[in-house]
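Working notes for the structure below.
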Amino acid sequence: MKGKLAVLQCKMELLRIIRNPYFIFWSLAMPIMFYFIFTRVVNTGAPDAVLWQAHYLISMTTFSVMGSAIMSLGIRLVQERTLGWSVYMRVTPLPESIYFFGKMFGQSVMHLLSIIVIFTAGYLINGVQLPAWQWIASGLWIMLASLPFMAVGTLVGSMKRVETASGVSNGAYLVLALMGGMWMPMEILPSFLQAIGKWLPSYHFASGGWEIIRGNMPELISVILLAGYLALFMVISTYIRKKQQATLG
């Protein structure tokens, strides 16, 4: 019975995501547009154009997935709560664990779609070619390393108003992308911003992919810090959610 409920919930989440125009713009159109501009239009002066095209492809893919995890997931959770949907779900036979499993499954499928589409765009726009293992390894890294940002999305989803969640998630998304070196090389930023940026999850998220396309494995420090951020955000999100449920109950 629970298995059937889980499958139905996952199907519902996928349909809702596909019908969401914000997913098309924020997760697909904008990163591809940035990729085209900064690899075909703007002369960045990169000494190795081929490596830069692959490097920036990873940057825009992680940028897409990070934004989807923080904004799409977080704002959907807030909307459902403000519309009373989450309260309604609590009085149905559907277990809360399956409800959240459906959310995470749908979000993961969204990330996989973003990776496939943007990788394909890199091949079509610039003819980016990597060994099969690098395509697969970088895609798997982006999927797994996106978990801390999904935890941030659940944290955003605990906010009371859609407007607040939208403003906070937009601001966090843009700051993390800029200071994490996704839009431009970290070396361009002032030294004090570089020092801060190298401790941010966004930098280590993208850095793992950058290492893979250079034939290396993600650095251990990136794995440790991302795991730490995941644990931290999950603890905070769980605490806030339980506190909210206790207030409602």
Side-chain angles (χ1 to χ4, degrees), residues 27 31-32 34-35 38-39 44 46-70 104-105 107-153 173 176-189 191 193-234:
S27 299
I32 292 173
F34 281 177
Y35 180 72
F38 287 100
T39 60
T44 60
D48 188 337
V50 174
L51 181 60
W52 168 249
Q53 290 165 1
H55 175 99
Y56 206 66
L57 182 63
I58 295 296
S59 296
M60 288 298 97
T61 308
T62 52
F63 173 65
S64 165
V65 169
M66 181 178 73
S68 175
I70 295 175
M104 296 303 108
F105 176 83
Q107 194 65 38
S108 298
V109 172
M110 183 190 294
H111 292 173
L112 179 60
L113 178 60
S114 296
I115 292 167
I116 293 171
V117 170
I118 298 175
F119 277 10
T120 302
Y123 175 78
L124 295 176
I125 293 171
N126 287 313
V128 174
Q129 295 186 12
L130 297 170
W133 78 266
Q134 288 182 337
W135 285 118
I136 295 170
S138 56
L140 287 174
W141 167 260
I142 293 170
M143 286 289 293
L144 292 173
S146 67
L147 291 174
F149 303 101
M150 291 173 70
V152 175
Y173 176 38
L176 286 170
L178 176 62
M179 294 185 62
M182 291 178 174
W183 284 358
M184 61 190 74
M186 291 281 287
E187 293 73 21
I188 295 177
L189 299 175
S191 57
L193 289 181
Q194 291 183 43
I196 296 172
K198 288 182 179 179
W199 287 97
L200 294 177
S202 51
Y203 170 76
H204 291 280
F205 182 34
S207 176
W210 297 334
E211 289 296 324
I212 290 171
I213 59 120
R214 285 168 173 77
N216 307 315
M217 286 292 102
E219 295 182 355
L220 181 60
I221 184 65
S222 296
V223 176
I224 293 172
L225 282 178
L226 288 171
Y229 275 116
L230 172 60
L232 174 64
F233 293 137
M234 284 301 297

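Just so you know, these numbers come straight off a predicted model, no measurement behind them.
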ask   = Heavy atoms, side chains only, cut-off 4.5 Å: are Gln53 and Leu57 in contact?
value = no
key: Nearest heavy-atom neighbours spanning Pro31 and Ser64   = CG-CB, 3.7 Å
key: Tyr35 side chain reached by Asn126 side chain, heavy atoms, under 4.5 Å   = yes
note = Nearest heavy-atom contact between Ile118 and Met60 is CD1-O, 4.0 Å
request  = Quick one: closest heavy-atom pair of Gly139 and Ile115, and the distance?
outcome  = O-CD1, 3.7 Å
message = How close do Gln134 and Ile213 get, counting heavy atoms only, and between which atoms?
response = NE2-O, 3.7 Å
task = Indicate yes or no: at least one non-hydrogen side-chain atom of Leu176 is less than 4.5 angstrom from one of Ile70.
result = yes
task = Not counting sequence neighbours, list each pair that qualifies as a ring-ring contact (aromatic ring centres under 6.0 Å, His included) and has a residue in residues 125-145.
result = Phe119-Trp135
query = Can you name the side-chain hydrogen bond (donor to acceptor under 3.5 Å, both in side chains) partners of Asp48, sequence neighbours left out?
reply = none
remark   = Tightest non-hydrogen contact, residues Tyr173 and Gly67, listed as CE1-CA, 3.2 Å
key: Spacing of CG belonging to Leu112 relative to CD1 belonging to Ile142, to within rounding of 0.5 Å   = 11.0 Å
query = Which atom names give the shortest non-hydrogen contact between His204 and Leu200, and what distance separates them?
reply = CD2-O, 3.3 Å
Main-chain N/O of Ile116 paired to Thr120 side chain as donor or acceptor, under 3.5 Å = yes
note = Rounding to 0.5 Å, atoms OG (Ser146) and CZ (Phe205) come to a distance of 5.5 Å
request  = Please examine the side chains of Glu211 and Glu219, heavy atoms only from C-beta on, and report whether any two atoms are closer than 4.5 Å.
outcome  = yes
message = Apply ring pair (Phe, Tyr, Trp, His ring centres under 6.0 Å) to residues Phe149 and Phe233 and explain how you reach the verdict.
response = CA-CA 9 Å; Phe149 303 101; Phe233 293 137; 8.1 Å; no
ask   = Which residues pass the ring-ring contact (aromatic ring centres under 6.0 Å, His included) test with Trp52, sequence neighbours left out?
value = His55, Tyr56
Polar contact flag, side-chain donor to acceptor under 3.5 angstrom, Gln107-Ser68 = yes
